[in-house]
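Report on one structure; see the data block that follows.
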Amino acid sequence: MLLCSFTLALSACGLLKPYEAELGQGNSVKSDQLEQIEIGLTKEQVAFILGTPMLSGLDPEHRWIYTTFSEDNGYASLVIEFADGLVSNINTSDNLIVE
């Protein structure tokens, strides 16, 4: 009886796992946020809408990189480029250009 209890207790340990919270890294851009981004916005406006960029590339003053996700396409990168502190170009890794 003791052996059966011990075996049952050990097998239950594999079923009981502690809760592990999913930790998202960086900011994932949603479609409603993406629709708000347009040419001519300031860096402050972009940061207010999208949050801090996940990456900045080699030139953080002129290029910010975010992660996007859609059910249809999966994950993609949103690249926002700045000239004179204003958004000058917006595109994603799946070649979707926002006008």
Side-chain angles (χ1 to χ4, degrees):
M1 185 72 159
L2 184 62
L3 183 60
C4 288
S5 297
F6 182 73
T7 305
L8 182 60
L10 283 179
S11 66
C13 290
L15 300 175
L16 300 175
K17 295 181 182 179
Y19 173 75
E20 293 180 12
E22 182 179 329
L23 298 175
Q25 301 293 313
N27 296 317
S28 182
V29 177
K30 297 174 179 64
S31 60
D32 61 324
Q33 293 172 308
L34 182 58
E35 292 171 1
Q36 298 178 48
I37 302 301
E38 57 188 41
I39 303 297
L41 291 179
T42 65
K43 290 181 181 183
E44 291 79 17
Q45 291 170 316
V46 172
F48 179 78
I49 295 168
L50 301 179
T52 305
M54 193 163 149
L55 301 169
S56 60
L58 297 176
D59 191 3
E61 290 297 313
H62 297 101
R63 182 177 175 170
W64 289 359
I65 303 169
Y66 293 87
T67 300
T68 62
F69 177 79
S70 73
E71 294 294 328
D72 299 331
N73 300 328
Y75 288 97
S77 296
L78 170 67
V79 179
I80 300 178
E81 296 176 355
F82 297 93
D84 299 321
L86 302 175
V87 175
S88 61
N89 190 25
I90 306 166
N91 60 50
T92 63
S93 60
D94 59 0
N95 297 323
L96 171 66
I97 297 177
V98 179
E99 301 279 335

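We count residues from 1, following the sequence as given.
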For residues Lys43 and Glu61, report the shortest heavy-atom separation together with the two atoms involved. NZ-O, 2.6 Å
Under the criterion side chain to side chain contact (heavy atoms under 4.5 Å, CB included), which of Ile39, Thr42, Leu41 is the partner of Leu86? Thr42
Gln36: side-chain hydrogen bond (donor to acceptor under 3.5 Å, both in side chains) partners, not counting sequence neighbours: none
Rounded to the nearest 0.5 Å, what separates atom [atom1] in [X] from atom [atom2] in [Y]?
| X | Y | atom1 | atom2 | answer |
| --- | --- | --- | --- | --- |
| His62 | Asp84 | NE2 | CG | 7.5 Å |
| Gln33 | Leu50 | CD | CG | 5.5 Å |
| Ile80 | Ile37 | CD1 | CD1 | 5.0 Å |

Full working for side chain to side chain contact (heavy atoms under 4.5 Å, CB included) between Glu38 and Val87: CA-CA 7 Å; Glu38 57 188 41; Val87 175; over 6 Å; no
Donor-acceptor check, side chain of Tyr66 to backbone of Gly51, threshold 3.5 angstrom: yes or no? yes
